> 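The structure follows.
Ligands are counted one by one from 1 in listed order, and the atoms in each one are counted from 1 as well. The structure presented is a predicted model; accordingly, all values stated were derived computationally and were not measured. In what follows, every heavy atom counts, from backbone to side chain, and hydrogens, waters and symmetry copies are set aside.
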Amino acid sequence: MEQFIKPPVEVRYSEELALLAANDKGKKPVSWKLSPAAVRTFIIGGEVATPEGKVKISRKFYGNDALVERAVITLAGSRGLMLVGEPGTAKTMLSELLSAACCGVSTNTVQGTAGTTEDMIKYSWNYAMLLSKGPCREALVPSPLLIGMEKGIFARFEEITRTPAEIQDSLISVMSDQILVIPELGDEGLVLARPGFNIIGTANTRDKGVNEMSGALKRRFNFETVEPVRDVRLEKQIIVREAEELAAAGHIDCPVDPDVAELLAVTYHELREGVTAEGTVVEKPAAVMSTAEAVSVFFQALCHAWYYGSGRIEPAVLTEGLLGAVCKENKDDLGKLRGYFKTAAKEKSKAGELWKAYIDSAKELK
Ligand SMILES: Nc1ncnc2c1ncn2[C@@H]1O[C@H](COP(=O)(O)OP(=O)(O)OP(=O)(O)O)[C@@H](O)[C@H]1O
Ligand SMILES: [Mg+2]
C-alpha cells in the first residue's frame, strides 16, 4: 500500500466513515454524507449498531462535546462556522474532522497568509490557456471556495485573520447571496452554490490585531471558541494516542510509556494554569503551552530514544525538548521554567523515581 506522511482524515478513517454511513439511520441535511448524529459519533467517539453487533468508534476530539454539536448544527444552516482559540487547541483538526464527516473531503482549503490574494479566494486564470482561447471555463482556475460552491461541499479557510481584512471581505458577498459572479465569462459566469456548501474558518486568538475581521464578515459566521484541554488525564491520553499514531506512521517501534507522557502533561498543565496541583503559584511562560506542542516534544523524545537511545525516553531528552519548545519566544521563559522545576522538586519529590529523574535532569537547563 502507498504510504503518506499524513493522509487526509477521510483516508485515515475511511473504515470508520464507511461503517457509519452504512448504518446511518439519522436525518441528513441535503447532500451530506452522514447525519449530524453520526458526525458527532465520528468526532467524539461512541458505538455504531451494525447487523453484526456494536462496533466502537474512536474519540478524536477531546473536550467540549456540546461545542461539536453546535458546530455541526451551524454547518447544516446557512451561516459559516468560525473556530477561534489559542494555538494548538485542535481547531484545524476539528475543521478537518467536520469536513471529512459531513462532505467526505477535508482538503478543500485556503491557507490564510499575509500574501493571500483575492484570486486565491475566488478564482484565477491559466494564462497560457487564457491567451490561446480567451476567457472560457477551461482557462479558469477555481479556488477552493468556488469548488465548494459547485460541488456542494465545505471550503475550509485556515488562519483567516492572517489575511488582510479587505481580502477576507471578498467572502461577504458569497456568504450572503451564495453566488459568485465571474464577469469575464459573461452569461456563463454566474456560479450558484449547491446545497451542502459552507465555510469553516479558523483563527488564532494570539494573532488578534494582526488583521481583525470586519463586523460585516463576523456577522456571517457563528463563532465557537475552542478551549485548551484543562484535564491532565485527558491531555495525557491525547499525548499517548497521538504519539502512538505518529510512531506507527514512522515505523518507530518504541513503546509509548504513559507514565512519561504524564510528566509532560502535568508540566504543560501546571505551566499553562500558573499553579501546581499542590496549589503553589508558578510563573506562566510567555510561550503558548499547547497540547499540540506537548505532543511534539514527546514524539521528538521518542524518536531520540529510537534512533540514538535505549528505546526508552530519557528524562534529560524530554527536558531538553521542553526547553526548546518553551523558550523559543522569550528569554525570560527559561527562568520561569527553572522556577517551575524548583517548585516541582519540593512538591513532587515523593511522586516516584521517574519524577525524581525528570526534575534532576532539569537542573542542567541552560
Ligand atoms: N482537544 C483536543 N483533542 C484532541 N487532540 C488535541 C486537542 N487539543 C490539542 N490536540 C492535539 O493537538 C493537535 C492540534 O493541532 P491543530 O493544528 O489542530 O491545532 P490548531 O488549534 O489548529 O493550532 P494553530 O492555531 O497553531 O493552527 C492535534 O493534532 C492533537 O494532537
Ligand atoms: Mg490550525
> Charged N to carboxylate O below 4.0 Å: is that the case for Glu293 and Lys328?
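Salt bridge flag = yes for Lys328 with Glu293.
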> Assign the ring pair Tyr358 / Trp355 to parallel, tilted or perpendicular, where the plane angle (0 to 90°) is split at 30° and 60°.
perpendicular
> Taking distance alone, with no angle check, do Pro87 and ligand 1 share an N/O pair under 3.5 Å?
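No.
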> Got the closest protein heavy atom to atom 13 (C) of ligand 1, with its distance?
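Among all protein heavy atoms, the one nearest atom 13 (C) of ligand 1 is Ala292 CB, 3.7 Å.
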> What atoms in ligand 1 come closer than 4.0 Å to a heavy atom of Tyr62?
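Result: 1 (N), 2 (C), 3 (N), 4 (C).
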> Looking at atom 26 (O) of ligand 1, what's its closest protein heavy atom, distance included?
Gly88 N, 3.5 Å
> With heavy-atom distances below 4.0 Å as the criterion, list the atoms of ligand 1 near Thr92.
17 (O), 18 (O), 20 (P), 22 (O), 27 (O)
> Atom 11 (C) of ligand 1: which protein heavy atom is closest, and how many Å away?
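So the nearest neighbour among protein heavy atoms is Ile238 CG2, 4.0 Å.
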> Considering only NZ, NE, NH1 and NH2 on the basic side and carboxylate oxygens on the acidic side, decide whether Lys91 and Glu158 come within less than 4.0 Å.
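Result for this pair is no, no salt bridge flagged.
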> Is Arg338 salt-bridged to Glu283, going by a charged N under 4.0 Å from an acidic O?
no
> Would Glu158 count as a contact of ligand 1 if the rule is a heavy atom under 4.0 Å away?
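False for this residue.
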> Report, in ascending order of atom number, the atoms of ligand 1 lying under 4.0 Å from any heavy atom of Thr291.
9 (C)
> Does Glu159, backbone or side chain, put an N or O under 3.5 Å from an N or O of ligand 1?
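The answer is yes, given that Glu159 and ligand 1 share an N or O pair closer than 3.5 Å.
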> Are any of the N/O atoms in Thr89 less than 3.5 Å from those in ligand 1?
yes
> If you measure from atom 21 (O) of ligand 1 to every heavy atom of Lys91, Arg206, Glu86, which option wins on shortest distance?
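Going through Lys91, Arg206, Glu86 one by one, Lys91 has the nearest heavy atom to atom 21 (O) of ligand 1.
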> Once you restrict to heavy atoms under 4.0 Å, what part of Met93 touches ligand 1? Side chain, backbone, both or neither.
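Both of them.
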> Note the single closest protein heavy atom to atom 16 (P) of ligand 1, along with its residue, its atom name and the distance in Å.
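Heavy-atom neighbour on the protein nearest atom 16 (P) of ligand 1: Ala90 CA, 3.8 Å.
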> For Arg70, look at atom CZ and say whether over 12 heavy atoms of other residues, nucleotides or ligands are found less than 6.0 Å away.
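Yes.
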> Under 4.0 Å from a heavy atom of Phe61: give me the atoms of ligand 1 that qualify, with their elements.
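This gives 1 (N), 3 (N) as the contact atoms.
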> Go through the side-chain N and O atoms of Glu16 and Ser58 and say whether any donor and acceptor fall under 3.5 Å apart.
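Yes, because at least one side-chain N or O of Glu16 sits under 3.5 Å from a partner of the opposite role on Ser58.
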> Just checking: Thr92, one of its N/O/S atoms, less than 2.8 Å away from the Mg ion (ligand 2), yes or no?
yes
> Indicate whether any N or O donor in one side chain lies under 3.5 Å from an N or O acceptor in the other, for Arg156 and Ser95.
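Result is yes, a qualifying pair exists.
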> Taking atom types as modelled, find out whether Ser170 and Glu118 have a side-chain donor-acceptor pair closer than 3.5 angstrom.
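No - no donor-acceptor pair under 3.5 Å links their side chains.
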> Tell me whether Ile5 at atom CD1 has more than 12 heavy atoms from other residues, nucleotides or ligands lying less than 6.0 Å away.
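Not buried by this count: 12 neighbours or fewer within 6.0 Å.
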> To check your reading of the model: name the closest protein heavy atom to atom 30 (C) of ligand 1, its residue, and the distance in Å.
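The closest one turns out to be Glu242 CD, 3.8 Å.
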> Are Ser173 and Ser176 linked by a side-chain donor-acceptor pair shorter than 3.5 Å?
no
